[in-house]
Amino acid sequence: MKAVKYYGPGHMELIDMAKPAAGPGQVVVKIMYCGICGTDVHAYSMPGIFDWELVPGHEAVGYVESIGEGVSGFLPGDRVAVGPPGDCGQCYSCNTGHPNTCSHAFPNTLGIGPGTQGAYSEYVLSKFPANELFKIPDAVSFEQAVLFDVMGVGLHAVRRSRLRVGDHAVVTGCGSIGLSVIQAVKMAGAGVLIAFDPLPSKRAVALKAGADYAFNPSDAQDVEKARAILSHAGGAQVSFEAAGHPASVSTCVDLTMAGGQVMLIGSDGRPYEMVTAALGPKEYDLKFSFTYTKEEIHILFELIAMGKLKTDIYTVEKAPLSRAVEKIQALASGTLEVARVLLSPEMDN
Ligand SMILES: [Zn+2]
Ligand SMILES: [Zn+2]
C-alpha cells in the first residue's frame, strides 16, 4: 500500500509498505481522509518536533476494514475517526480526570509517537482501538468528522474555562482553532464575544462563526474600541489565546478584567515576558489548555449531528495522498492557506 513517511525536517517521501494485518485486539481501518495538522507542518519545517521517523497522520476517518480476535465494539464496515488522545487509562492523570495530559499518550499516539504508522496511508493499524477509534454517527459526514482534531481543541479549552452565561469573552487568533473556540464560547452562552486577528479574511470568518465583533489586534483604535465595549467590568471575564504568538498573549492579558481568566491554547517556542509587578495586582488566573479527551470527541460528534456546531466555516482542500509532500510544503511556506488539507488515498485510484 502507499504511505507517506517522514524522515526528518524537510524530508518526506511517498513509499510502498506492507498493508497492516489486525492481530488480537487490533483493528485495521481503511482511510478515507486524513487531515494535515499544523503539528505535521511544523515538524516538516523545523527540528525538535518529531525527532524520529514515522508515517504521520493523527486525524483521520475511514471504514473498519478488519478486526482481530477479541475485539469488541467495532465491526467491519463501521465508520470511525482515528486519532488521539491515545492515553493509557492507567496513570495518575488518566485516573484523575485529566487523560489529555497522560504522559504515555504522546509516544503511543499513532502518527505522532516514534516509529508509529499514522494515517498518511491507505490503511492504518489501530493497536489500541478502545483509545483511538471513535464511531461516527450516521448524521455526521466523513468531511465533518475529520475536523475532530481542529474542533476538539476549542471545545476542550472552553469546557476547561470558567466561562458562565452572560460573561464577556475575547478570543485572539481566528485560525481553525480560534474558530472552534468562538463556536464553543457562543454555545456556552457568552455575552459579548470579541475576536482578534490581523487578517481581514479571518476576521470575516470569525463573525460567521459567531463573534459579535472582530478586530485587528495591531490597530490601536480597534483595541480601544474593544476596551470600550468591555468597560463595564474593566475587561473580559475570560480570554482565550488561540494564535500561539507572544503578542497575542499580551492582547488577551490586556483585555481581561482584574480577577479574570486567561486561557492559553496556542503553543509557541518563543519565550513570553511577564512583568509580575504589572500583572500581580490584577490577580489574573492564567490557565493552559491542551488537546481534548475521548469523551469530548463523542460530545463534538453529537453537537455536529444536531447542527449546533458549524463545520462549513473551516476551509478545506481535498488532495490525493500522493501529493502530501507538495501540500505540506505549500502549507509550510504559506502559499496555501486553508484550515485543513484532507489527504485522500481514494483520489489516487
Ligand atoms: Zn492534529
Ligand atoms: Zn495515562
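Any value given below was found using the heavy atoms of this structure, including those in side chains, with hydrogens, waters and symmetry copies removed. In listed order, ligands and their atoms are each counted from 1.
- Geometry at the Zn ion (ligand 2): SG/Cys94 and SG/Cys102 form an angle of 110°, nearest 10 degrees.
- At a cut-off of 2.8 Å, Asp149 is counted among the residues with an N, O or S atom near the Zn ion (ligand 1).
- When you scan the N, O or S atoms of Glu59 for the one nearest the Zn ion (ligand 1), you land on OE1.
- For the residue pair Glu296 and His156, a side-chain donor N or O sits within less than 3.5 Å of a side-chain acceptor on the partner.
- Contact check on Glu132 versus Lys127 returns no salt bridge, with no Lys/Arg side-chain nitrogen under 4.0 Å from an Asp/Glu carboxylate oxygen.
- Under the 4.5 Å side-chain contact rule for hydrophobic residues, Val150 and Leu199 do not share a cluster.
- A salt bridge links Lys294 with Asp87: the closest approach of a Lys/Arg side-chain nitrogen to an acidic carboxylate oxygen falls below 4.0 angstrom.
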